[in-house]
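Note that this is a predicted model, so its numbers are computed, not measured.
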Amino acid sequence: MPEFALQGVYLAISDDVQGLIAQGRTIQATIEIARDVAKKLIEAQSGTRLPTVAESFDYPVIVAT
């Protein structure tokens, strides 16, 4: 049975956005993915579409390897 290593992958989670889990190969990519996931989760929870997210990201995110 093959093993899959997660070397070189970053994970992002947030206590403020329930259900947010994102992964990427770089920190920048992980943050961008986390931003998109957070937007979709918030839209799903609120039932309204959010405007385009700017460069700032106002939700605390933990990124770790």
Side-chain angles (χ1 to χ4, degrees):
M1 191 173 276
E3 290 184 344
F4 296 97
L6 290 178
Q7 292 178 320
V9 176
Y10 295 90
L11 297 175
I13 60 171
S14 174
D15 291 335
D16 291 344
V17 181
Q18 185 178 8
L20 179 97
I21 301 173
Q23 74 176 37
R25 293 194 180 269
T26 66
I27 292 173
Q28 183 63 35
T30 305
I31 292 171
E32 290 173 11
I33 294 165
R35 181 182 294 128
D36 292 339
V37 171
K39 180 180 176 189
K40 290 176 184 176
L41 288 169
I42 293 168
E43 286 177 348
Q45 292 168 3
S46 69
T48 60
R49 187 174 172 101
L50 298 176
T52 302
V53 177
E55 286 298 312
S56 65
F57 190 60
D58 295 332
Y59 293 96
V61 173
I62 299 168
V63 178
T65 57

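Scanning both residues, Q45 and Q18, for their nearest heavy atoms gives NE2-O, 3.6 Å. Of all heavy-atom pairs between I21 and V37, the closest is O-CG1, 4.4 Å. Across every non-hydrogen atom of T30 and Q23, the tightest pair is OG1-C, 4.1 Å. The two residues A38 and L20 come nearest to each other via the heavy atoms N-CD1, 3.4 Å.
From E32, atom CD reaches atom CD1 of I27 across 12.5 Å, with rounding to the nearest 0.5 Å.
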